[in-house]
Structure formats: structure tokens, C-alpha cells
Amino acid sequence: MVQPDIIILSVGAHIVTNDTIYMNVIDQVFSEIEAMKKNIPPHVKFAWQTQVPAGCSERITSPQNVNFAGELSMELSDYNHGQFYQRDLMLISRLQAIGMPYIDLRMLYSRTDAHINYQTGARQPDCLH
């Protein structure tokens, strides 16, 4: 059996309700991680990955200012894509408070041109995959 050294977690776009429920789910996962740590080797590390940003464009969005690109993403109306940036900020604040490492994907808010599902002319591009 494979024994991991690192466990990377993310909830991604799967919580489509309000931010309070989103953070409640995050807190529940944190509690479950603490319970799991009692049953796994101490060298195993947990890290959280922020959301893969959504959006479709023909060009790079504001590569010099990722925060500006993130704020622009808040205007997205497909699914819950407009919530991703603010939720990333809330999540990072919580992760920093508990000292959990994270993989920060916020630089990708500038790369709304990189969603291959959109670029290949898919019949129903979702601007996320």
C-alpha cells in the first residue's frame, strides 16, 4: 500500500451555497484533519490548494496585477465562479491563522485564456476546465 508524504486538499467549485456554509465546510475539514493526525505517521503533511480560477477570454488578464484580475473575476455570473477570489482570500486567512501550508493558485486569475475547454471550441465550454 502506498503511504503518502503529503495530502493536498481542496473543495474547489463544489460548494455552491453562501460563504458561511463554505467556511463551515472548511472548518469541518480542519476538525477532521486533526482527528486523522492521530492515526497517521507524524511525517505526513497536509496542504490546501486554493481554487482554480474560472473565466474565459482570448487574452491574458492583467498579468502585472493578480489582485486586479481576481477582483475582475468577481463579476463572473456563471455557476459560482464570481465567488472564487473572495473565498480564496477567506481561506488563505484561515489557513495562515492555523499555520497550514497552502498552494496558492491566485496567479492564475490572470490566465482566463488558459481554459482549454473554451479554447478548443467545446460545444458547452464551462470556463473552468
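Computed from a prediction, not measured in an experiment: that's the story for all the values here.
For the atom pair Tyr102 OH and Leu91 CG, the distance stands at 9.0 Å (nearest 0.5 Å). Summarising the geometry, atom CD1 belonging to Ile6 is positioned 9.5 Å from atom NE2 belonging to His43; distances are rounded to the nearest 0.5 Å. Once rounded to the nearest 0.5 Å, the distance linking CD1 of Ile21 with CD1 of Ile26 reads 12.5 Å. Summarising the geometry, atom NZ belonging to Lys45 is positioned 11.5 Å from atom CD1 belonging to Ile7; distances are rounded to the nearest 0.5 Å.
Looking at Ile33 and Met100, their side chains come closer than 4.5 Å, going by heavy atoms from C-beta outward. Side-chain atoms of Phe30 and Leu95, non-hydrogen and from C-beta on, do get closer than 4.5 Å to each other. No side-chain heavy atom of Tyr109 sits under 4.5 Å from any side-chain heavy atom of Glu71. Two residues are said to be in side-chain contact when any heavy atoms from C-beta on lie closer than 4.5 Å; Val44 and Lys37 fail this criterion. Side-chain atoms of Met36 and Phe46, non-hydrogen and from C-beta on, do get closer than 4.5 Å to each other. Counting only heavy atoms from C-beta outward, the side chains of Arg94 and Met23 approach each other to under 4.5 Å.
Here the shortest heavy-atom pairing between Ala35 and Asn39 reads O-ND2, 4.0 Å. Nearest heavy-atom pair across Asp88 and Gln51 is OD1-N, 3.0 Å. Heavy-atom minimum distance, Arg106 versus Leu89: NH1-CD2, 3.5 Å. Across every non-hydrogen atom of Trp48 and Val29, the tightest pair is CZ3-CG1, 3.5 Å. Pairing each heavy atom of Thr50 with each of Ser10, the nearest pair is O-OG, 4.3 Å.
Neither Ile8 nor Val11 shares a network with the other; the hydrophobic side chains, linked directly or stepwise wherever heavy atoms of I, L, V, M, F, W or Y lie under 4.5 Å apart, form separate groups for each. Hydrophobic cluster membership differs between Leu105 and Ile15, with clusters built from Ile, Leu, Val, Met, Phe, Trp and Tyr side chains linked at under 4.5 angstrom.
The number of heavy atoms from other shown groups lying within 6.0 Å of CD1 (Ile98) is above 12.
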*Could you check Met90 against Tyr22 for side chain to side chain contact (heavy atoms under 4.5 Å, CB included), going step by step and ending with a plain yes or no?*
CA-CA 10 Å; Met90 292 186 310; Tyr22 173 80; 4.2 Å; yes
